[in-house]
Structure formats: structure tokens, C-alpha cells
Amino acid sequence: MPELPEVETSCRGIEPHCLNSKIKKIIVRQPKLRWPVDSDISKKTRARVILAVERRGKYLMLQLKNACVMIHLGMSGSLRVVPESFAVGKHDHLDIVLFNGKVIRFNDPRRFGSVIYNTEGLAHPLLVRLGPEPLSDAFNADYLYAITKKRATSIKALIMNSHVVVGVGNIYAQEALFSAGIRPQKVSNRVSRAKIILLVDEIKQVLNQAILAGGSSLKDFTTADGKPGYFQQSLKVYGRGGQPCIQCDNQLKQKVITQRTTVYCEHCQK
């Protein structure tokens with residue numbers, strides 16, 4: 001599933017091809033995504049200029065004057081930039097066709113993604129209750145520690161809660177908790193302030209590293225595949241259950257936390 005670094009990489013990938021460009025039309029081949037695509041989206045966006053390409057949480061936003069086209073990649077979605085003449089694939093559900101001859105193509109085999117015409121900005125119901133961006137100054141140790149003192153949920157569940165902080169998905173939660181030496185199932189209000197300081201720093205580091213890894217293949221956005229190297233970063237625990245810990249060589253444990261398979265080290269994480 002695309003997570004925050006992948007969405008950020010997508011933003012950076014398409015921006016040079018569409019910034020300050022006019023939308024010629026939007027072709028909707030499959031309107032039945034997670035939410036139905038507005039049947040008038042092409043009419044509403046025709047000849048509108050893309051003023052900025054931004055991200056809020058896992059939503060990519062093509063900013064227009066007084067509106068935006070808001071895209072969520074869902075479980076399996078991806079964007080790529082192709083020429084208007086490029087052959088359409090089976091799961092290419094929507095094209096944003098630009099006057100510059102390029103197309104932002106949305107592909108989503110499982111159709112859990114969405115393309116929404118948003119006139120409410122950050123007040124939109126899907127955005128208004130989101131927590132701070134993890135790479136912003138608003139997400140800091142004071143903020144997170146104050147929240148942990150009020151919560152009896154697991155620390156992994158807490159940092160994956162988009163109302164607390166956006167975009168810390170399953171992969172990056174596991175990696176940050178390992179680097180901070182915190183067991184993912186530990187109750188939030190029992191995590192020390194010192195550990196919270198470390199955790200915030202590790203969340204920022206692992207997300208930045210993943211963004212940089214994806215950014216190393218931005219050129220791929222103009223190829224037939226169009227998918228950047230999302231998982232080029234070296235993963236320390238995610239997907240490594242039963243393998244030796246890179247720090248202590250003990251076998252990594254695996255259990256289900258927050259309905260997701262979670263890998264951790266009993267020796268290195270307390």
C-alpha cells in the first residue's frame with residue numbers, strides 16, 4: 001500500500017510535468033472508485049491552471065484557483081506521466097490530460113483509491129480532522145508525549161492513528177519503533193518521555209530516508225512503468241519475521257498488532 005513517502009515521491013515526480021499547466025480534459029474510464037468520481041469533473045476543471053502540487057497526509061492535491069483535484073492512491077494505486085498518445089492499460093481508470101501534451105494517468109487495480117473535486121480545501125471532511133504532518137515542526141516530542149499520557153492503546157496503534165499524526169503507516173511505524181528501541185505493543189502511557197523524544201526523531205528520519213530513496217528514481221515517472229523505487233530503503237524489521245536481528249542476531253518475533261503483521265526484536269525493543 002502506498003504510504004506517505006510514496007505519495008510524496010509521486011508529488012515530486014509529477015510536479016515538473018504539470019505545474020502551471022492547463023487542464024485540457026479529464027477522461028474517466030471507471031468512475032466507481034472508493035467514492036464515485038464527479039461526473040462533471042472534466043467540465044469543472046477544463047482550462048484551469050494547476051497552481052501547485054501538494055500533499056496532505058496520503059492525499060495528493062493538484063491545486064487550482066478555489067479548488068483542487070484530490071487523489072488518494074488507496075491500496076494499489078499509482079500515477080505516471082505519459083504522452084497523450086500512450087496506450088491505455090487495463091486498470092488505467094482516469095487521465096488528467098494537459099494542454100502541454102502530457103497526461104497524468106491514474107492506475108488502480110483494486111479500485112480503493114479516489115479522485116475527488118474539492119472546493120473546501122483543508123476543511124474538506126476527509127482532511128479536516130487529520131493530525132499534524134510528521135515532518136513538520138508541529139509534530140514534536142512535547143506534542144506526542146502529551147497525547148501518550150492520555151492513551152492506553154499500543155504505541156504502534158497511536159502513531160498509526162491519522163488523527164494523531166498523518167502518514168506513519170505500517171512499514172514506517174515498525175521501522176521507527178525498532179530504531180527507537182520501543183516494543184510496538186507497549187502501552188502508550190507507559191512510554192517514557194526520553195523514548196518519545198527518540199521516537200519522534202526516528203519517525204522523521206525513516207520517512208525522510210524513504211522519500212530520498214523514492215526520489216532517486218523520479219525519472220521513472222516518464223516511462224511505461226512509472227513507478228519509483230518505493231522500497232529501495234534498507235528495512236530492518238518489516239517483513240523479516242523469523243530472521244536474525246541486525247543488531248543482536250536474535251530471532252525477530254512476529255505478531256498481529258493493529259490488525260497488521262508486526263515484526264520486532266524482544267532483546268532490542270523494550
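Values reported hereafter were calculated over all heavy atoms of this structure, with side chains retained and with hydrogens, waters and symmetry mates removed.
Proximity of a side-chain donor or acceptor of His163 to a complementary backbone N or O of Arg129 within less than 3.5 Å is detected. Side-chain atoms of Gln174 come within 3.5 Å of backbone N or O of Thr261 as a donor-acceptor pair. A donor-acceptor pair is defined here as one N or O able to donate and one able to accept, closer than 3.5 Å; no such pair exists between the side chain of Lys156 and the backbone of Asn170. The backbone N or O of Glu3 lies less than 3.5 Å from a partner atom in the side chain of Glu6, making a donor-acceptor pair. Listed for the Lys195 side chain is a donor-acceptor partner under 3.5 Å among the backbone atoms of Ala180. The backbone N or O of Leu130 lies less than 3.5 Å from a partner atom in the side chain of Arg56, making a donor-acceptor pair. Using modelled atom types, one side-chain atom of Lys149 and one backbone atom of Asn189 make a donor-acceptor pair closer than 3.5 Å. One N or O on the side chain of Thr262 and one on the backbone of Arg260 form a donor-acceptor pair closer than 3.5 Å. With hydrogens and angles disregarded, no donor-acceptor distance shorter than 3.5 Å links the side chain of Asp95 to the backbone of Arg105. Listed for the Glu15 side chain is no donor-acceptor partner under 3.5 Å among the backbone atoms of Cys11.
Looking at Arg111, Arg29, Arg80 one by one, the single match for salt bridge (Lys or Arg N to Asp or Glu O under 4.0 Å) with Asp92 turns out to be Arg80.
Atom NZ of Lys270 has more than 12 neighbouring heavy atoms from other residues, nucleotides or ligands inside a 6.0 Å radius.
Smallest separation of non-hydrogen atoms from Ser154 and Ile257: OG-CG2, 3.9 Å. Residues Val168 and Pro134 share a closest heavy-atom pair of CG2-CB, 4.3 Å. Here the shortest heavy-atom pairing between Ala157 and Thr153 reads CB-OG1, 3.4 Å. The minimum heavy-atom distance between Leu19 and Leu51, with the atom names listed, is CD1-O, 3.4 Å. Minimum heavy-atom separation, Leu252 to Cys245: CD2-CB, 3.7 Å.
Side-chain heavy atoms closer than 4.5 Å link hydrophobic residues (I, L, V, M, F, W, Y) into clusters, and following such links, possibly through other members, connects Leu79 to Val69. Under the 4.5 Å side-chain heavy-atom criterion for Ile, Leu, Val, Met, Phe, Trp and Tyr, Ile211 and Val166 are members of distinct hydrophobic clusters. A continuous path of ILVMFWY side-chain contacts below 4.5 Å connects Ile203 to Tyr238, so both sit in one hydrophobic cluster. By the rule that hydrophobic residues join a cluster once side-chain heavy atoms approach within less than 4.5 Å of another member, Leu73 and Val37 end up as members of one cluster.
Salt bridge annotation for Arg34-Asp108: absent, with no cationic side-chain nitrogen under 4.0 angstrom from a carboxylate oxygen. Salt bridge Arg193/Asp142: present, at least one basic N to carboxylate O contact under 4.0 Å.
Residues Leu199 and Ile155 meet the side-chain proximity criterion, which asks for heavy atoms closer than 4.5 Å. Looking at Glu266 and Asn250, their side chains never come closer than 4.5 Å, going by heavy atoms from C-beta outward.
Rounding to the nearest 0.5 Å gives a distance of 7.5 Å between OG of Ser179 and CD of Gln209. Interatomic distance, Leu135 CG to Asn208 CG, rounded to the nearest 0.5 Å: 5.0 Å. Remark: Asn100 CG to Asn20 CG distance equals 11.0 Å, nearest 0.5 Å.
Residue pairs meeting the side chain to side chain donor-acceptor pair (under 3.5 Å) criterion with at least one partner in residues 46-55, sequence neighbours excluded, are Glu8-Arg55, Arg48-Tyr117, Glu54-Gln63, Arg55-Glu133. Applying the ring-ring contact (aromatic ring centres under 6.0 Å, His included) test to every pair with at least one member in residues 245-270, sequence neighbours left out, gives no pairs at all.
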